[in-house]
Amino acid sequence: QFLEAKALVNEVDFAEKGVHFQSVIHDAYNMRSVVAQGGGLAEKLEAVRLAALSLFGQEGEQADGAAAGASSGLEGAAAKVKKKKKKEKKEKKRRKDDASSGEAEDETKAQAPAAVPAAAPTAAAAAPVPEPVAPAAATTPEPPAAVAPDVPAAAPASAAVTPKQLPPAPVTPTEEPPAEDLQPDFGSGQRDKRNRSWAVSASEDGKIRQWDLEILTCVRVLEGHSGPVNAIIVDWNGMQVLSGAKDTMRFWSLKADGCLRTFSDVEEGCTAVTANWDGNRALAGCGDGYLRLYDMSTGEKLQTVMAHAGGVWALESDWSRQRVASGGDLELKIWDAEDMGCLQKIEGHPGGIMSMSMDWAGNRALIGAAEQSLRLWGLESRDHRNLTGHVGPVAHVTADWIRHMAISGGWDAVLRVWNLETGLCTLNHDCKFGRVRALAVDFKLMQALAGSSDGSLHLIDVRSGASLHKLEGHVGAVTAVKVKF
C-alpha cells in the first residue's frame, strides 16, 4: 500500500502549495490524504522514505524485512523519476535547438526586404526589425518532474517571434452625463430626462414617500396627515399627488416638497381618490358614503352626492369619457362625471367591494370583494364569471385588458395571475411578507411592487415570484402604492 501511494505521488501533476510535514507519516492512508490535498511531494520523497523505514523498524525484526523491501521499492521508484527527468531535459534541449533554428530563419526573412529600393518599400521594410528575443523556454524555470511534456515542440518557437508593433487603437472617451440629467427636471415641470422609474407609497404612519427605483432609495417624505393615509393618485407628468386620509384630503407637489392645498371638510375620512389633472378636479370617496368633487386650484367643493351607505372604498375614472366607477358596499355604480348622475348599478358582491379595474372601452369590470370573491362583469349584459382561487379578501386587483391578463393580491398572502379570456389562474405565488396591502404592476416588465403590513415594499418578479428588492421606510402598513416603471 505504501509503494502504491508513493507511485501515485510521482504521477500527480501539481505545483508546490505549501504542504509541510509536521509529524511522521504513519501509514499509506495518511500519505494518500496528503496527496489529495494537492501538496508538492516529489522533492520530499527522501523524507518519506526515512519515515517509512523508521515506522517499519518499530514493528520488530519481522518488519525489518518489509522495511528493506519498501526501501528497495522506493529506491527503484526514485530511479524511475530520475530517468524521467533526464528524458525531459533532453526533450527540452531539442525544443530549444529547434526554436533557435526557427528564430534564425525568421530573422533572415525579416532582413531580406531591406534590399528593395526606398521608392517602393514593402510592409516588412517599413517596420523596424526587432532584436532577436530568447525563447521563453530558456528563461522559464524547469517544471516539476510530475508535469508531462505534452506541449508541441513548435509552441516555444512561435512564442519567440516578436509581432509587428501596431499603433494603438484610438480610445473613444466615455462622456459622463451631466449631473442635472440624473435627476428629474422638477423646475420646468417636464418629464424626467432619463425616464427614471418612480414609486409613491402611503402608509398608516401618515406619511407619503417617494422612491427612486433606479437606486432603490427614498428621496422624499411628505408629512402633514395626522392619521393613516388610505389612498393616493399621482400625476407623473406634473409630479403631483392627491392623497386621501382619515383626517382629510391633501394636494401635494413633488417638486416643491410640500402640501399645496388641504380639503378639510371630508366627513369620516377620505377612503378613495381620483383626479382629472387637466381639468383641475379632485374626487374624494368618503367614509360616510358620499362622493365629493373639488376644484383643485381653489379648494372649492363643487358637488356632493350620496353613493354607498357603507362607505366608498374604490374609485376609478375615465375623464375623456366623463365616467366614474365607485364601489363600497355590495354595489358597483357608474356615474356621469359632468353632473354626477348615476348611470348604472350592479349588485352581487358579498362582503363589499374592496378593489376594481375598469375596461372602459370594452364595458367590463373586474371586481375584488371581501369574501374571497373576484368577478369579471360585462356591464351591458350584466353577466359575470367567478375567478376562484383566493381564500381571503381580494384587496387589490389590476388588469391589462389588451393582454387579457390580470393580477390580484389579497389578505391570503397570495399573488395570482389570471387569463381573462379563460378565467383561469395561470400563476400563483405565496408572499412571504404576508398580506398584500397595496399593489402596482407593470405588465410589460412583469414586475409588481407590493406593500406589506410591516411597512416594507417588495419588488416582485411576477413570472417566478422571486422578491427582487425590499424597500423599507414606513413604520406602519403600506396602504397604497403607485409606480411609474
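Note that the numbering runs from 1 along the sequence shown for the chain. Just so it is clear, the model here is predicted, and its values are computed rather than measured.
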Tell me whether [X] at atom [atom1] has more than 12 heavy atoms from other residues, nucleotides or ligands lying less than 6.0 Å away.
{"X": "K301", "atom1": "NZ", "answer": "yes"}
{"X": "K482", "atom1": "NZ", "answer": "no"}
{"X": "W313", "atom1": "CH2", "answer": "no"}

Going by the angle between their ring planes, with limits at 30° and 60°, are F433 and H458 parallel, tilted or perpendicular? parallel

Would you say [X] and [Y] make side-chain contact, with heavy atoms under 4.5 Å?
{"X": "R196", "Y": "W198", "value": "yes"}
{"X": "V273", "Y": "M249", "value": "yes"}
{"X": "R292", "Y": "Q303", "value": "no"}
{"X": "M340", "Y": "L291", "value": "yes"}
{"X": "M405", "Y": "L420", "value": "no"}
{"X": "S243", "Y": "H225", "value": "yes"}
{"X": "M296", "Y": "W277", "value": "yes"}
{"X": "N428", "Y": "W418", "value": "no"}

Name the one of C425, S408, S355 that satisfies side chain to side chain contact (heavy atoms under 4.5 Å, CB included) with L374? S408

Keeping the roles fixed (side chain from R416, backbone from H429), state whether a donor-acceptor pair exists under 3.5 Å. no

Using only atom types and a distance under 3.5 Å, with no angle test, would you say the side chain of D442 pairs donor to acceptor with the backbone of F485? no

Please walk me through it: do R382 and E380 pass salt bridge (charged side-chain N to carboxylate O under 4.0 Å, His left out)? CA-CA 6 Å; R382 292 177 178 266; E380 292 182 353; over 6 Å; no

Over-ring placement of R435 relative to W411, 6.0 Å and 45° cut-offs: yes

Ring centroid separation for H349 and W377, is it under 6.0 angstrom? yes

What do the steps show when you test D205 against R209 for salt bridge (charged side-chain N to carboxylate O under 4.0 Å, His left out), and what is the final call? CA-CA 11 Å; D205 61 10; R209 291 179 176 268; 5.0 Å; no

Just checking, any donor-acceptor pair under 3.5 angstrom between side chains of S201 and H474? yes

Do any pairs count as a salt bridge (Lys or Arg N to Asp or Glu O under 4.0 Å) and have a residue in residues 222-234, sequence neighbours left out, and if so which ones? K207-E223

